[in-house]
Amino acid sequence: MTRTVIESKSKTVTIGFDEPFCVIGERINPTGRKKLAAELEAGDFSTVEKDALEQVACGAMVLDVNAGVVYNSNPNPNETEPPLMRKVLETVMALTDTPLCIDSSVPGALEAGLETVEGRPLLNSVTGEEERLELVLPLVKKYNVPVVAISNDDTGISEDPNVRFAVAKKIVERAADFGIPAHDIVVDPLVMPVGAMATAGQQVFALVRRLRDELGVNTTCGASNISFGLPNRHGINAAFLPMAIGAGMTSAIMNPVRPGEMEAIRAANFLMNHDPNGGTWIGFSRVLDAVKEGATFAEASKAAAASGSGRGGRRRRRA
């Protein structure tokens, strides 16, 4: 079975068809967060620290780190983003041994991150655009890391799922030309907002099945894209995630601080037989009980982990 290995200095996370769903925490990202962007430009990493610890407590297995701040003093990201990426990554690594995902559209920031991170991070991302392929795939090969492959190319994002599959296939094939194996490609088939496209959910479920069956690759997505522009977004997200897992999706970049979405994932893991003896589900149920009694989700999750009741169960032996 396909396994994508992500590592910190002391911890390993495996994304795979027979593994629990991998939750990649999305919150260390200044996009759309003016307060965080202003803090980072000022050299204040307090929110980064808070978000890192909170996401890990709530169940993030990997932390996505994006330093895409548009500086008021210097709007050139090629100059400002690489050094900021280093600082943010160093801040996060000082707090947690959780494996990291280096997230940037700036190749220099990606390489700065690869030079900084200990272990084997996930790189986010490469697309089917020719320039991007030629810039990013050599970094993936040089540093021997897995990469998120986003299914758009020079023509943009297609609403046709067959086109998005073809782009993913192209990226996998081009990666192979660089000596990068398919198990190190995690495809993002691009989730469209269901409010704008009624078939968005059906499209991504069908795409995930094809990516698994025909290309043998792991998959991810920006989970909240499905509910963009709609009311009660967390309800939609919580329904979407287990359906995507059932279709074969193996990870998502998402907000782990939302108990509804995490409850849906824990239940899906149990139903997919990725939670031996239901130990994690039982431990998580105690977390939800504590939340009902007034604790925050992060507080309850942290307390459960400290007492050893947050996970439970036994690890399966690998053949």
Who pairs with [X] by side-chain contact (heavy atoms from CB on, under 4.5 Å), at least two apart in sequence or on another chain?
| X | answer |
| --- | --- |
| Asn232 | none |
| Ser8 | Ser10, Lys11, Asp97, Pro99 |
| Phe205 | Arg209, Phe240, Met243, Ala244, Ala247 |
| Ala67 | Glu81, Leu84, Met85, Val88 |

Can you find a pair of side-chain heavy atoms, one from [X] and one from [Y], that are under 4.5 Å apart?
| X | Y | value |
| --- | --- | --- |
| Asn66 | Ile28 | no |
| Arg266 | Phe21 | no |
| Thr2 | Phe17 | yes |
| Ile15 | Ile6 | yes |
| Glu49 | Thr91 | yes |
| Arg27 | Thr47 | no |
| Asn124 | Ile253 | yes |
| Val147 | Val186 | no |

Check the hydrophobic clustering (I, L, V, M, F, W, Y; side-chain heavy atoms under 4.5 Å; chains of links allowed) and say if [X] and [Y] are grouped together.
| X | Y | result |
| --- | --- | --- |
| Phe228 | Met197 | no |
| Val5 | Met61 | no |
| Val126 | Tyr143 | yes |
| Leu241 | Val257 | no |
| Val23 | Leu271 | no |

Examine the side chains of [X] and [Y] and answer whether a donor and an acceptor come within less than 3.5 Å of each other.
| X | Y | answer |
| --- | --- | --- |
| Asn218 | Thr4 | yes |
| Ser224 | Asn237 | no |
| Asn255 | Glu261 | no |
| Thr127 | Arg132 | no |
| Asn29 | Asp64 | no |
| Ser158 | Asp160 | no |

Given 3.5 Å as the limit, does a donor-acceptor pair link the side chain of [X] with the main chain of [Y], or not?
| X | Y | result |
| --- | --- | --- |
| Thr80 | Tyr71 | no |
| Arg174 | Leu133 | no |
| Ser151 | Val167 | no |
| Gln55 | Asp51 | yes |
| Glu173 | Lys170 | no |
| Gln203 | Glu159 | yes |
| Asn76 | Asn78 | yes |
| Arg233 | Ser227 | yes |

Next on the checklist: As a quick check of understanding, evaluate side chain to side chain contact (heavy atoms under 4.5 Å, CB included) for Ile24 and Leu63, giving each step before the final call.
Outcome noted: CA-CA 5 Å; Ile24 303 172; Leu63 292 177; over 6 Å; no
Please report the interatomic distance [atom1]([X]) to [atom2]([Y]), rounded to the nearest 0.5 Å.
| X | Y | atom1 | atom2 | result |
| --- | --- | --- | --- | --- |
| Leu95 | Lys50 | CG | NZ | 13.0 Å |
| Ile265 | Met262 | CD1 | CE | 5.5 Å |
| Glu118 | Leu100 | CD | CG | 10.0 Å |
| Thr280 | His274 | OG1 | NE2 | 12.5 Å |
| Arg164 | Asp153 | CZ | CG | 12.0 Å |
| Ser125 | Ile150 | OG | CD1 | 3.0 Å |

Quick check: closest heavy atoms across [X] and [Y], and the distance to 0.1 Å?
| X | Y | value |
| --- | --- | --- |
| Ala300 | Val291 | CB-CG2, 4.1 Å |
| Val106 | Pro77 | CG2-CB, 3.9 Å |
| Cys22 | Val62 | SG-CG2, 3.9 Å |
| Ile185 | Ala175 | CD1-CB, 3.7 Å |
| Ala264 | Pro242 | CB-CD, 3.9 Å |
| Val191 | Cys221 | CG2-CB, 3.5 Å |

Checklist entry - Given the rule in the side chain to side chain contact (heavy atoms under 4.5 Å, CB included) test, do Thr219 and Arg212 qualify, once you have shown the distances and angles that lead to the verdict? => result CA-CA 8 Å; Thr219 45; Arg212 171 177 172 153; over 6 Å; no
Checklist entry - So, Glu39 and Lys34, do they make that salt bridge, N to O below 4.0 Å? => result no
Checklist outcome for this item: Per side-chain contact (heavy atoms from CB on, under 4.5 Å), Pro20 is matched among Asn269, Ile245, Asp275 by Asn269
Checklist entry - Out of Asp184, Thr250, Asp18, which residue meets the side-chain contact (heavy atoms from CB on, under 4.5 Å) rule with Arg3? => result Asp18
Next on the checklist: Show, in sequence, the C-alpha distance, side-chain angles and deciding distance for Asp103 and Val65, and conclude whether the side chain to side chain contact (heavy atoms under 4.5 Å, CB included) test is met.
Outcome noted: CA-CA 6 Å; Asp103 181 0; Val65 175; 6.0 Å; no
Item to check | Geometric cation-pi criterion, Arg258 with Phe297: 6.0 Å, 45° | outcome: no
Item to check | Criterion side chain to side chain contact (heavy atoms under 4.5 Å, CB included) on Val187 and Ile171, from CA distance to verdict | outcome: CA-CA 9 Å; Val187 173; Ile171 297 172; over 6 Å; no
Next on the checklist: My understanding is that only residues two or more places apart in sequence, or in another chain, count here; which of them pass salt bridge (Lys or Arg N to Asp or Glu O under 4.0 Å) with Arg210?
Outcome noted: Glu214
Checklist entry - For Glu111, what residues pass the salt bridge (Lys or Arg N to Asp or Glu O under 4.0 Å) criterion, not counting sequence neighbours? => result Lys142
Checklist entry - Would the number of heavy atoms belonging to other residues, nucleotides or ligands and lying under 6.0 Å from NZ of Lys169 be above 12? => result no
